[in-house]
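These notes are about the structure you will find just below.
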Amino acid sequence: MITIQLNGEARTLDVPPEMPLLWAIRQVAHLHGTKFGCGISVCGACTVHVDGVPTRACVTPVSAVEGKAVTTIEGLADPVAAAVQTAWTALSVAQCGYCQSGQVMAATALLRANAAPSDADIDAAMDGNLCRCGAYPRIRAAIHDAARRLAGGAAPDAEAPAAAPAALGPSGPASGSARSATR
Amino acid sequence: MKRRTFILAGLGATGALMLGVGLLPPRQRLRGRRGLPTEGGQVALNGWVKVAPDGTVTIIVPKAEMGQGVLTAAAMILAEELEVDWTSVRVEDAPVDPIYNNLAVMVDGLPFHPDDTGRIKRTARWLTTKWMREFGFMVTGGSSSMTDLWGPMGDAGAMAREAFRAAAAAQWQVPAETCRVEGGAVRLNERRLGFGQLVGSVLEHLPKTWTRKDVSEYTIIGRPRARLDAASKADGTAVFGLDAAPADARYAAVALPPTLGATVAGYDAAAARALPGVRAVVPLAGGRFGHLPGVAIVADTWWHATRALDALAVQWTPGAGAAFSSVSAAADLEARATRGDGFEFLKHGDLVAPFKRAAFSVEAFYGVPYLAHAAMEPVNCTVRVAPDGVDVWVGTQVPGVAVKAVAEVVGVEQEAVRLHQRLVGGAFGRRLIVDFVAMAAEIAKQVPGTAVQLLWSREQDMRHGVFRPMVRAKLIAALDGDGKLLALHSASAGQAMLKGWGRFLGDPMLANIPDKTTVEGLTDQPYAIPALRVIHDAVDLPVPVASWRSVGHSYTAFLLESFLDECAAVKQLDPVQYRLGLLADHPRAKAVLQLVADKAGWGTPLAPPAGGGRVGRGVALHWSYQAYVAQVIEVEVSPANALRVRRVVVAVDCGLVINPDGVRQQVESGVLYGLSAALHGEITFEGGAAVQGNFHDYPAVRFAASPVIETHLVLPGDAPPGGVGEVAVPGVAPAIANALFAAGAGRVRTLPIRLAPPEATT
Ligand code: FES
Ligand code: FES
């Protein structure tokens with residue numbers, strides 16, 4: 001029996017101490033937002049917060065978090081996380097979405113520590129989170145966007161995710177083109 | 001000649017099958033054999049849309065959402081015609097029914113040049129279309145969703161719109177033409193009836209005819225829309241196959257053959273069963289859906305099951321592939337490509353004289369490796385076999401085939417199988433194969449009454465996948481004194497993906513017809529090459545192969561677009577101008593190439609890299625899945641010969657654009673997927689086993705290496721919607737190779753790109 005603070009609630013789990021936290025969360029506590037990607041700490045899909053620090057649940061034994069505060073994507077509830085999730089939705093960041101719980105956890109931790117991260121800060125904080133669909137350009141844009149939202153700045157309209165010109169579309173100029181640059 | 005006849009004979013056999021079917025009325029994809037399930041007073045107007053009394057519009061999308069944004073784009077097609085308020089739209093998965101069978105993907109698979117509109121091609125297309133509708137399957141793949149759904153979903157929306165108009169007109173006792181339909185309601189002057197208010201009578205007013213809107217009237221199509229699934233994927237509530245297991249499920253881990261073709265000789269079930277949490281140890285025979293033999297452990301958690309695998313101490317009997325080495329296989333493929341063995345897919349023009357009188361001839365060998373799909377979600381499937389039927393929770397690109405596989409493995413009728421489609425955490429072609437579904441069924445059958453979730457480890461997902469074939473190719477060209485292309489000859493060798501498919505679907509027809517996907521991208525390009533011959537030797541090797549994002553295009557673009565650059569370089573001709581010179585008859589291709597050159601600043605000086613070194617710009621143009629894509633890529637090569645891709649400019653003409661933001665996203669996705677493959681992707685085999693197993697030895701591009709991507713969409717007037725999910729992948733590798741050549745870093749002819757250390761190049 002091991003007791004952890006899971007999303008603010010004391011949970012006593014009947015699991016062996018060496019069981020990785022990931023499987024205790026997914027298959028014993030039945031919270032499915034945290035994903036399995038690699039099992040060896042190289043993809044970031046299983047990222048949770050342990051006492052606020054982004055942690056790879058796939059290689060963290062349950063015993064290592066005994067008595068600690070574990071937050072999964074289901075337990076995110078603060079203005080920073082809300083800004084991240086709003087930006088993620090407004091910019092249509094996710095493709096398949098499977099890596100995105102981990103991306104959101106990593107981005108939230110980054111913005112809590114650094115309210116206005118540079119591109120280099122983002123590279124450093126997010127480089128451990130793989131995305132096979134290639135959401136990186138939008139994740140980067142969404143982190144900057146969330147930082148602006150938190151600073152009280154203007155944010156783009158949710159209905160115009162890529163800030164595309166209104167002339168875009170079949171009724172637009174026949175020879176025209178629409179541009180979007182993302183990094 | 002003989003082979004060509006054979007292709008047509010194959011289709012002729014299909015035609016014979018058709019005789020019993022007879023001609024179905026047009027628009028036959030509107031209504032399913034069974035009505036749609038409804039709840040809460042919903043009415044189903046056809047097989048594609050339901051409306052509830054509160055006005056909520058539920059649109060049926062028969063495609064797997066695996067990241068490509070199909071739920072949103074497909075819903076937009078129907079919503080546009082229906083004249084509905086976008087905020088009231090919901091999407092729902094389709095049941096398995098022939099009206100949802102994918103016609104476009106099969107029609108696209110026919111071995112003809114896209115410019116060929118001859119009678120034989122039209123007949124073959126018609127036959128294939130009919131065959132697919134009656135006997136085919138629901139499939140998400142081949143970048144075909146928009147092409148496939150454009151007809152039926154637009155018609156379904158228009159039909160529903162006219163039904164609501166007629167229902168309101170009847171209530172008001174006015175002619176229907178006087179009523180307007182907009183924003184989910186029918187209006188006449190100040191009067192208004194929402195769709196929800198009309199659900200009681202609308203079914204009495206289903207029209208026999210309707211017309212589609214003109215493009216100039218569109219208010220939804222062509223405007224950027226946020227994805228309908230964006231929020232649920234940002235807050236973790238999206239349900240993938242892996243998340244679908246019921247709370248009382250058990251979890252299965254498997255021991256799989258350590259080498260190609262190995263079978264189980266024996267194992268210690270008692271030792272594994274004695275371990276904590278283990279519920280059952282069951283043998284796996286494997287079978288015709290490509291499911292492997294092995295042993296499964298069913299336990300309280302997947303970790304318990306995995307931990308018990310060691311105790312099994314499985315002994316294996318090696319099979320025919322036990323000694324397979326990709327290095328020796330590559331040597332054999334190279335010899336075959338040199339000899340020019342194989343099936344002639346295309347021959348036009350005089351291929352003898354030009355080589356005799358050529359001022360220059362160019363010859364080059366290219367090679368590409370096996371590739372794994374490496375989607376983020378490892379393959380998994382949950383099955384419960386109960387007396388009242390079989391439940392399957394899975395994310396699959398082929399639900400119909402999955403049902404067939406489960407029914408056959410469990411030994412029940414297909415009607416007894418309930419498939420619950422879940423989101424797919426990336427597929428890229430892997431989920432076209434149902435081997436893991438059949439395996440899950442084989443396990444669950446032996447633990448009746450219990451829902452069992454089968455999950456493969458990342459290593460199993462990578463090593464026991466179905467791979468993009470390894471290919472070797474020799475290209476030769478004859479040039480005149482000005483460097484102009486007179487003739488081109490391509491001979492390649494590698495496994496045929498269609499054969500792989502045939503193996504997994506148990507379909508001999510697929511296994512025996514020449515597989516045009518092995519040479520697609522060589523035979524179907526817009527270039528006017530005076531004489532062209534394309535042959536491919538389809539070699540049998542023990543490695544399972546199948547579709548990988550952009551299929552044959554994933555390597556043919558690398559061959560052809562690199563080689564054209566090599567030809568241009570003979571007389572130092574500009575690569576963009578060289579290509580434009582071959583595109584006289586293809587204005588769409590020309591336009592994307594000119595657009596990308598323009599936007600990329602082709603021909604202008606490049607800023608040198610910050611830390612010193614060289615810089616270069618390369619171009620590639622490729623047609624695939626009804627879309628023209630041109631890319632210009634900028635690379636930096638450091639003094640230590642480290643490569644960095646810093647900017648990717650892409651121009652796309654994919655016909656009518658449904659969701660411009662969705663197209664951009666797929667371009668970003670394709671570029672990064674292509675970039676990972678070009679820079680890192682390689683699966684090798686030694687001693688019958690794949691060497692690479694996880695993201696440390698099969699790396700993918702990460703944040704810091706992710707380049708600036710600029711996407712430009714060309715807006716043509718009237719081309720029907722084409723594909724976007726795969727079209728940005730093919731051009732990435734050749735554009736990088738061409739950029740490296742321009743940077744003076746030498747010619748790369750083998751993927752993945754590995755620059756020699758500085759000493760070796762001097
Ligand atoms: S699953 Fe934990 S880092 Fe990949
Ligand atoms: S969105 Fe699919 S892996 Fe990141």
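Chain A is the first sequence line, chain B the second, and so forth, proteins listed ahead of strands; every chain is numbered from 1.
When all heavy atoms of B/Glu459 and A/Ile40 are compared, the closest pair comes out as OE2-CG2, 4.3 Å. Heavy atoms only, all atoms of each residue included: B/Ile709 and A/Pro137 are closest at CD1-CG, 4.2 Å. Residue B/Ala234 comes nearest to A/Val104 through the heavy atom pair O-CG2, 3.7 Å, listed as atom of the first residue, atom of the second, then distance. Closest approach of B/Phe695 to A/Gly37, counting heavy atoms only: CE1-O, 4.3 Å.
A donor-acceptor pair under 3.5 Å links the side-chain atoms of A/Arg132 to the main chain of B/Ala374, judged by distance alone. A donor-acceptor pair is defined here as one N or O able to donate and one able to accept, closer than 3.5 Å; no such pair exists between the side chain of A/Gln95 and the backbone of B/Gln666. Judged purely by atom type and a 3.5 angstrom limit, B/Asn694 uses its side chain to pair as donor or acceptor with the backbone of A/Cys38.
Top candidate by heavy-atom pairs under 4.5 Å with chain B, chosen from A/Cys99, A/Pro16, A/Ala124, is A/Pro16. With chain A as partner, the option from B/Ala247, B/Gly69, B/Pro276 having the largest number of non-hydrogen pairs under 4.5 angstrom is B/Ala247. Heavy-atom pairs under 4.5 Å with chain B were tallied for A/Cys133, A/Gly33, A/Ser101; the largest tally goes to A/Cys133. The candidate from B/Asp229, B/Thr301, B/Asp300 with the greatest count of non-hydrogen atom pairs under 4.5 Å with chain A is B/Thr301. Interface summary for chain B: among A/Gln27, A/His32, A/Met19, the most heavy-atom pairs under 4.5 angstrom belong to A/Gln27. Among B/Glu217, B/Glu65, B/Met66, the residue making the largest number of heavy-atom pairs under 4.5 Å with chain A is B/Met66. Counting heavy-atom pairs closer than 4.5 Å to chain B, the top-ranked of the candidates A/Gln100, A/His30, A/Arg26 is A/Arg26. The candidate from B/Ala230, B/Ser669, B/Gly236 with the greatest count of non-hydrogen atom pairs under 4.5 Å with chain A is B/Ser669.
Using a 4.5 Å cut-off between heavy atoms, A/Val93 touches chain B through its backbone atoms (N, CA, C, O) alone. For B/Ala700, the parts lying under 4.5 angstrom from a heavy atom of chain A are both the backbone and the side chain. Looking at B/Leu455, only its side chain comes within 4.5 Å of chain A, counting heavy atoms on both sides. A/Leu76 does not touch chain B: none of its heavy atoms, backbone or side chain, sits under 4.5 Å away. Looking at B/Ala591, neither its backbone nor its side chain comes within 4.5 Å of chain A, counting heavy atoms on both sides. For chain A, the nearby parts of B/Met376 are the backbone and the side chain; heavy atoms of each come within less than 4.5 Å. Only the side chain of B/His304 comes within less than 4.5 Å of a heavy atom of chain A; its backbone N, CA, C and O stay farther away. With a threshold of 4.5 angstrom between heavy atoms, B/Gln453 approaches chain A through side-chain atoms but not through N, CA, C or O. Using a 4.5 Å cut-off between heavy atoms, A/Val28 touches chain B through its side chain atoms alone. With a 4.5 angstrom heavy-atom cutoff, B/Leu423 does not touch chain A via any of its atoms.
Salt bridge status for A/Asp123 with B/Arg702: absent, with no side-chain N to carboxylate O gap under 4.0 Å.
Between the OG atom of B/Ser706 and the CD1 atom of A/Ile122 there is a distance of 11.5 Å, given to the nearest 0.5 Å. A distance of 12.0 Å separates OG in A/Ser41 from NE2 in B/His696, rounded to the nearest 0.5 Å. Here the CD atom belonging to B/Gln665 is positioned 10.5 Å from the CG atom belonging to A/Leu91, to the nearest 0.5 angstrom.
For A/Phe36 and B/Trp302, the ring centers are positioned less than 6.0 Å apart.
With a 4.5 Å cut-off on side-chain heavy atoms, B/Trp303 and A/Cys58 do not count as touching. Looking only at side-chain heavy atoms (C-beta outward), A/Lys35 and B/Asp243 come within less than 4.5 Å of each other.
The aromatic rings of A/Tyr136 and B/Phe703 are tilted relative to each other, their planes meeting at an angle between 30° and 60°.
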Determine whether A/Arg138 and B/Glu668 satisfy the following criterion, side-chain contact (heavy atoms from CB on, under 4.5 Å), listing intermediate values before the conclusion. CA-CA 9 Å; A/Arg138 287 172 190 243; B/Glu668 292 156 16; 2.8 Å; yes
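Enclosure of atom NZ in A/Lys68 is not indicated, since only 12 or fewer non-hydrogen atoms of other residues, nucleotides or ligands lie within 6.0 angstrom.
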